[in-house]
Amino acid sequence: MRKIIAASIAILVFVVLAYFFITSSAPIDYRHGGYYENPINHEQYNQSVPQKYLNGTRQDTGASNAVTAIVVEYRGFDTFGEVTVLFTAATGIALLLEAYRRKMERVVESNFIVRIASIVILPFIVVVGTYIFIHGHLTPGGGFPGGAVIASGFLLMLLVKTRKGLNEKNLTITESFAGMTYALIGLLGLVLAQEFLQNYLPLGIFGTVFSAGIIPLIYIAIGFKVGSELSGILDHLKGVHSE
Amino acid sequence: MVMFDVPPVLLIAFPLFFAFLAPLIYYLSKKSIKFYTLGVLILNAILSYFLFFRVMDEGVVYEQLSGFYPPVGILLAVGYLGSILAMLINTLATINYVSFFDEKSHSLRFSMLYMLVTASSTGIVVTGDLFNMFVFFEITAVGSYGLLASKGTKRSYEGAIKYIVLGSIGSSFILLGIATIYGYLKTLNFYDIAARISTMPIEAKLMAFTFLVIGIGVEAEIFPLNGWVPDAYQGASSRVASFMVLGPSKAGIYAIARLIFTLIPFSDGYELALILGALTLLIGELAALNQKDVKRMLAYSSIGQMGLILIALSLHSQIALIAAVFLIVNHALAKSLLFLGSRNYASGILKNPVIGASIFIGALSIIGMPPFPGFWGKWYLIVDMAHNGLWFMISVILFAAIVEAVYYARFLFRGTGNEKVTLLPGEKIAIISLAVLLVIIALFPFLLYNPASNAATSFLGGGP
Amino acid sequence: MTYELLVPIFIVSTALISIGLYGVMSKKNILKIILSLDLMDTGVNILIVAMGYLPGGTAPIENGNYKVYVDPVPQALVLTAIVIGVSVTALALAIAINYYRKTGTIELEKEGVMKW
């Protein structure tokens, strides 16, 4: 009975959603007939918002990746919130699982080959992750994927060292410093320029690593933060004491 | 009084910064973390007062972020209602935090979650961007999942899982709504959307409205999306339930108000909101009548109050909106008071007449007895309905009020708490402070009436 | 006027959303519920990315050879949405672990989560 109700609701939702999105007359091409209006002083500009992003990325932010420019600069406050969501989740997980951490009694030792191979691979994983978040403004990458790659390296360590966990205190301190750095970069924008998260560094030469103002700095902070947070989450899910 | 033009973003950035800093403080000195958290909350409350006075002075305060004009950059727009709610949430969160002071195993993570949820609830009421609001909704939701599950009983986990399921479905629907609106208008700014929403075809508008109501309705506890409320509140500790009532649910109702007034205003939407509100009210109150557990009863009563607020919002007239502000403030104050007192009411009134009297005041205000703010809210609402000839709705509200009176009378005179627990000193302080605030508003209703009137005017004009 | 290419994408993404919805409503196992929520998230994310499609457009990274780029905003929004989805999933798993340790089972009692 329950399954029939669930199935009929799901099918109804499918039909309505699919019909709506397929037949909707949304102007998918953002280039035609677009304009945007500043809602405060009602100035109008004869291009749409995505066009403004694509045309203005180079002059406004100095980045070559428009998605990065949107994520870190144009809509940077969203990303500040996004980092906080992950931070909140990591905090909640620590709150819930702290009580259950204990020493592992029965462990299966990992294979010799796996142990040695992981030690060889780990530095490369960390280097790749670092590369990804440092080059966020030039390539499709950034702090989140870079941090996730680094955390996957730590996951490898957790899988190999079955007896031990990571050092929670160090992870928390890294996470704290990275988060504070991000918030301070934003607050400095309020002091040195006029607005929160506004760029106050020179844009540099387009297309090089040291360009795009505060974007690489923010992505480095995010990379450290995401890396340590995801590692901490994995460590807590494993549930082993660090000593 | 020295005025300081506080930028609204500080209300969000400061507590987040201090939450990031908290582990370092904790590793330096484990005992000081409660005082640190209290200090941060007090700082934020003070900032919210400055913001409130600034809004009262200059009208709506805009702040653009990242150095780009809206809608290219993100805009914060704090209106009258937003500033009232920011003040309310931050003040009450500070008072409520005092009740956690005696906790023996007071943990770092709990304080951090508390700061984060307070900051993000504030973020919802000050933002002027649809996607930014979604992000703050998610911070609030994720923090609330953790706080609700933190009691560590089977019931609290079940409640939290239920909330996670409905909350995630809700967030998917908010995203669908955002995708629909962005697909047509290529913008995410509230003002820009409102200015151009009429160019969208009617079916797309309807779909976007439905998606967003489903998504936000989970947080604002609207029927039929509030299935998580009784279980989650019953499972959580009374102090966490009290915090949920004063913070996240108020932010949710603000988002609904913003949606039906400024974002997608069309007349069918008001009627839909009226019907949903009436259903929420009736079902909440009737379900509360049958409950044995105090917290579950209060949770259903909370649903009923949310329905009442939604009815007031959906009438879209000056007086009804003033009524809505009174009801929101009343619900935040009185219901969090009752949740705090729910741990052991029965013996509380005998042992300590001050606490007993405070709880009595809270219950009276929720039922709508003069001269408490709950009365003013219901009174303005009924006056407005009589003016519009909505006699059926008046009878619904009066019926709900009678039902409310019956089960609160049972709660007050028979007492339902049977645990042999006494209230902690911190809880007593919080309960008494909330009762004092209720009495202050009861004695000087114009303190709330004038800002509420401004908020109503601004909302009817399509502002925040 | 939808582009022909987008029709199957819309069908797949809305189908994923519906399958997720069905799983959430009909399953008692917490892990299956979490997986269903993930399916829903994925469906929504695919749909939003599809909203930014433009025929002949490339990834919005300036490199001199291309003049037509797809709309970058949906990609930025989805980046945020993915991280939020990961956070919720991780927290839900933590609660599931605690639930298992408390009760010894991963199944919810009686009607599951959708009972009002």
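Numbers restart at 1 for each chain; the letters A, B, ... are given by sequence-line order, proteins then strands. Just the heavy atoms: all of them, side chains too, but no hydrogens, waters or symmetry mates, feed the values below.
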Exercise. If you tally heavy-atom pairs under 4.5 Å against chain A, which of C/T80, C/V86, C/L91 wins?
Worked result: C/T80
For this session: Kindly compute the distance separating CD (C/Q75) from CG (A/N65), expressed to the nearest 0.5 Å.
Result: 8.5 Å
For this session: Report the option among A/V83, A/I233, A/T88, A/I9 that has the most heavy-atom pairs separated by less than 4.5 Å from atoms of chain C.
Result: A/I9
Problem set entry | Test item: C/I95 and A/L96 side chains (from C-beta on) under 4.5 Å apart, heavy atoms | yes
Exercise. Which atom pair, heavy atoms only, marks the closest approach of A/A66 to C/P72?
Worked result: CB-CB, 4.2 Å
Exercise. So how far is it from A/L230 CG to C/S87 OG, rounded to the nearest 0.5 Å?
Worked result: 8.5 Å
Exercise. What residue, out of C/L79, C/L21, C/L77, has the most heavy-atom pairs lying under 4.5 Å from chain A?
Worked result: C/L79
For this session: Please tell me if the side chains of C/R101 and A/L97 come closer than 4.5 Å, counting only heavy atoms from C-beta onward.
Result: yes
Exercise. CG/A/N55 to OH/C/Y69 distance, rounded to the nearest 0.5 angstrom?
Worked result: 10.0 Å
Problem set entry | Residue part contacting chain C, namely of A/L54, when any heavy atom lies under 4.5 Å | side chain
Exercise. Heavy-atom distance under 4.5 Å to chain C: side chain of A/I11, backbone, both or neither?
Worked result: neither
Exercise. Considering only heavy atoms, which portion of C/A15 lies under 4.5 Å from any heavy atom of chain A: side chain, backbone, both, or neither?
Worked result: both
Problem set entry | Distance-minimising heavy-atom pair for A/F21 and C/M51 | CE2-CE, 3.5 Å
Exercise. What part of C/V88 is in contact with chain A, defined as an atom under 4.5 angstrom from a non-hydrogen atom: side chain, backbone, both or neither?
Worked result: neither
Exercise. Where on A/P145 is there a heavy atom nearer than 4.5 Å to chain C: the side chain, the backbone, both, or neither?
Worked result: neither
Exercise. Going from CD1 on C/I82 to CD on A/E82, what distance comes out if it is rounded to the nearest 0.5 angstrom?
Worked result: 9.5 Å
Problem set entry | Exercise: identify the closest heavy-atom pair between C/S26 and A/K3 | CB-CG, 4.2 Å
For this session: List the steps, then state whether side-chain contact (heavy atoms from CB on, under 4.5 Å) holds for A/V85 with C/V83.
Result: CA-CA 8 Å; A/V85 177; C/V83 174; 5.7 Å; no
Problem set entry | Within 6.0 angstrom of A/F224 CZ, more than 12 heavy atoms from elsewhere | no
Problem set entry | Minimal non-hydrogen separation, C/A76 against A/I70, with atom names | CB-CG2, 3.7 Å
Seminar exercise, completed: The interface call for A/F14 against chain C, heavy-atom contacts under 4.5 Å, is both
Seminar exercise, completed: To the nearest 0.5 Å, atom CD1 of A/I93 lies from atom CG of C/N98 at 10.5 Å
For this session: Answer yes or no: are there more than 12 heavy-atom neighbours, outside C/Y99 itself, under 6.0 Å from its atom OH?
Result: yes
For this session: For chain C, find which of A/V67, A/L17, A/D78 contributes the most heavy-atom pairs closer than 4.5 angstrom.
Result: A/V67
